[in-house]
There are 2 protein chains.
Amino acid sequence: MSASTENFLKTIYCFQKLEARDTKPGSIAKALGISNAAATDMARKLSEKDLLEYRKYQALQLTPKGESLALQVIRKHRLWETFLYRTFDMSLLEIHNEAELLEHATSDRMAEILWNYLEKPSFDPHGDPIPNVYGFVDFEKDSKVLFKTEEDREYRIIRLVSNDEEFYSFCCDNKIEIGNEIKVVKQYSKNQLTEISIHGRQIVIPKEFSNNIYVTKVNEQ
Amino acid sequence: MSASTENFLKTIYCFQKLEARDTKPGSIAKALGISNAAATDMARKLSEKDLLEYRKYQALQLTPKGESLALQVIRKHRLWETFLYRTFDMSLLEIHNEAELLEHATSDRMAEILWNYLEKPSFDPHGDPIPNVYGFVDFEKDSKVLFKTEEDREYRIIRLVSNDEEFYSFCCDNKIEIGNEIKVVKQYSKNQLTEISIHGRQIVIPKEFSNNIYVTKVNEQ
DNA sequence: TAAAAGATTTAAGCATACTTAAATATTAAT
DNA sequence: ATTAATATTTAAGTATGCTTAAATCTTTTA
């Protein structure tokens, strides 16, 4: 199972199940930095191996077999992220980039060793759940990005997703961390800014960042 | 730099510099588990990239550039071995096998992080020196395999090399570890056995094992 | 020394993972 | 509804990393 195949399956899985993005060949190609024709070819070939369903001009769908393989890659990715974060002084972006490489060079045995050593973690440092060896606990269904939250409501931060070092730096500086609670004070639609209250401070977050912060509602009292 | 290329260069380097084995295409092919033709082809192509010198019917020689790349792979391999050995409950064979995969998926930055975290180790758990980021401290020139040692002399164990789990198990059971001193009591040439004294015990080692144990003379007093 | 055996090289081919360009289909705009 | 724009697919090609088989070279044996 090559790194290319693994990344292809993983990308489809993440788009479809985690990010509600379309899984047409062009979108996958763009995310992977390859040509459209390469994506179409890969889709056709992986379809022949029963890893996905390819129909001309339709979005790609993983088969159960394809999903299972994607989950194994995701699992290894997140185990490495968790392990690197706990063991070394590395940033969230660094652990992600290294895990992108390591996930394709990790035996199932090595993954099991990491899993046990880490005492079977449920989440990685970005807030993403770590699939167990059999499957995956679905992402929380009622989460949304901060950009789309309602004013005067309280939320808890459950996921941070970005390739931007500045984003993570901003989060760190402002205590925007997994598990912390915030209150959405005001949504400035025209300027696409979100004002929140966190730890007694008011801060304003631009759309580029608020679209990377997943939150879930805190129960009302 | 693909894993195949890295393994090709690494194998040539190990055969030539560490194990005094011939580096003809057939030997490299056998070690890598590929066909002779594939090895010849790879050699020709890597020659075009100035990573080695390929002359028909001659042994392969790495260029300085090829050596440098091989050393980086070896360095990463041994850093991973050392790290895995210290961090997890894994056998010497297991760490070797996992490092064989991980070495090709490790950024230079990740290697540096491992190096510093491990406090710049000089040797890995097999007794092999870990190249620093610029080069390599040559293997000890006066080492030899236990099979070829002289009777009534004292040696120190400096290197253990095998793909055999039983070999490592045997070493573990008998305190055959890097740094330990032994005395060669008798060499039974006919039966190819080596009798040694270690930690007050006499044990007899068959050739299959004694050829995997590298030792260096202890200074005479 | 000649023949046999073994090793290496060349040739032809396959699979994977891409590329660009042209053809085709779908979507958006008017 | 028609045209323009965009996306996807097909076609032809490259590079990598192999394979087997035949040809050639080197080494060993008798």
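This one's a predicted model, so the numbers in the text were calculated from it and none came from an experiment. Chain letters run A, B, ... following the sequence lines, proteins first and then strands; every chain starts at 1. The figures that follow rest on heavy atoms only: side chains count, while hydrogens, waters and symmetry mates do not.
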Exercise. Looking at residues at least two apart in the chain, or sitting in another chain, which of them share a side chain to side chain contact (heavy atoms under 4.5 Å, CB included) with B:E100?
Worked result: B:N7, B:K10, B:H77, B:H96, B:E103

Exercise. For B:S107, what residues pass the side-chain hydrogen bond (donor to acceptor under 3.5 Å, both in side chains) criterion, not counting sequence neighbours?
Worked result: A:E98

Problem set entry | Contacts of B:E67 that satisfy side-chain hydrogen bond (donor to acceptor under 3.5 Å, both in side chains) - sequence neighbours left out | B:K17

Exercise. For B:T82, what residues pass the side-chain hydrogen bond (donor to acceptor under 3.5 Å, both in side chains) criterion, not counting sequence neighbours?
Worked result: none

Seminar exercise, completed: Its contact letters, B for base, S for sugar-phosphate only and - for none at protein heavy atoms under 4.0 Å, make nucleotides 7-12 of chain C read -BBBB-

Exercise. Which is true for A:K49 with a 4.0 Å heavy-atom rule: it touches a base, it touches only sugar-phosphate, or it touches nothing?
Worked result: sugar-phosphate

Exercise. Given atom CE of B:M42 and atom P of D:dT19, what is their separation to the nearest angstrom?
Worked result: 11 Å

Exercise. Quick one: is D:dG17 close enough that its OP1 or OP2 comes under 4.0 Å of any side-chain N or O from B:T5?
Worked result: yes

Problem set entry | Side-chain N,O (B:S4) to OP1/OP2 (D:dT16) below 4.0 Å | no

Problem set entry | Distance in angstrom units between B:L46 CG and D:dC18 P, rounded | 11 Å

Exercise. Atom CD1 of A:I28 to atom P of D:dT8: distance rounded to whole Å?
Worked result: 10 Å

For this session: Please work out which of the three classes, parallel, tilted or perpendicular, describes the rings of A:F83 and A:F88, given edges at 30° and 60°.
Result: perpendicular

Problem set entry | B:S2 side-chain N/O to D:dG17 phosphate OP1/OP2 under 4.0 Å | yes

Seminar exercise, completed: What residues 97-108 of chain A contributes to the DNA chain C interface at heavy-atom separation below 4.0 Å is none

Problem set entry | OP1 or OP2 of D:dC18 under 4.0 Å from side-chain N/O of B:S35 | no

Exercise. Rounded to the nearest Å, what distance is computed from the CG atom of residue A:L51 to the C1' atom of nucleotide C:dT16?
Worked result: 14 Å

Exercise. Considering residues at least two apart in sequence or located in another chain, which fulfil the side-chain hydrogen bond (donor to acceptor under 3.5 Å, both in side chains) criterion with B:T5?
Worked result: B:S2

Exercise. Can you check the A:L9 CG to C:dA17 C1' distance for me, whole Å?
Worked result: 14 Å

Exercise. Looking only at atom types and distance, does a side-chain atom of A:K76 sit under 3.5 Å from a main-chain N or O of A:T106, one as donor and one as acceptor?
Worked result: yes

Exercise. Can you tell me how far P of C:dA15 sits from CD of A:E48, to the nearest Å?
Worked result: 11 Å

Exercise. NZ of B:K30 versus P of D:dC18: gap in Å, rounded?
Worked result: 18 Å

For residues 41-59 of chain A, which side-chain N or O atoms pair as donor and acceptor with protein atoms under 3.5 Å away, sequence neighbours left out?
residue: A:R44; atom: NH1; partner: A:E48; partner atom: OE2; Å: 3.1

For this session: Sorted by first residue and then second, give each side-chain hydrogen bond (donor to acceptor under 3.5 Å, both in side chains) pair with at least one member in residues 26-38 of chain A; sequence neighbours left out.
Result: A:D22-A:S27

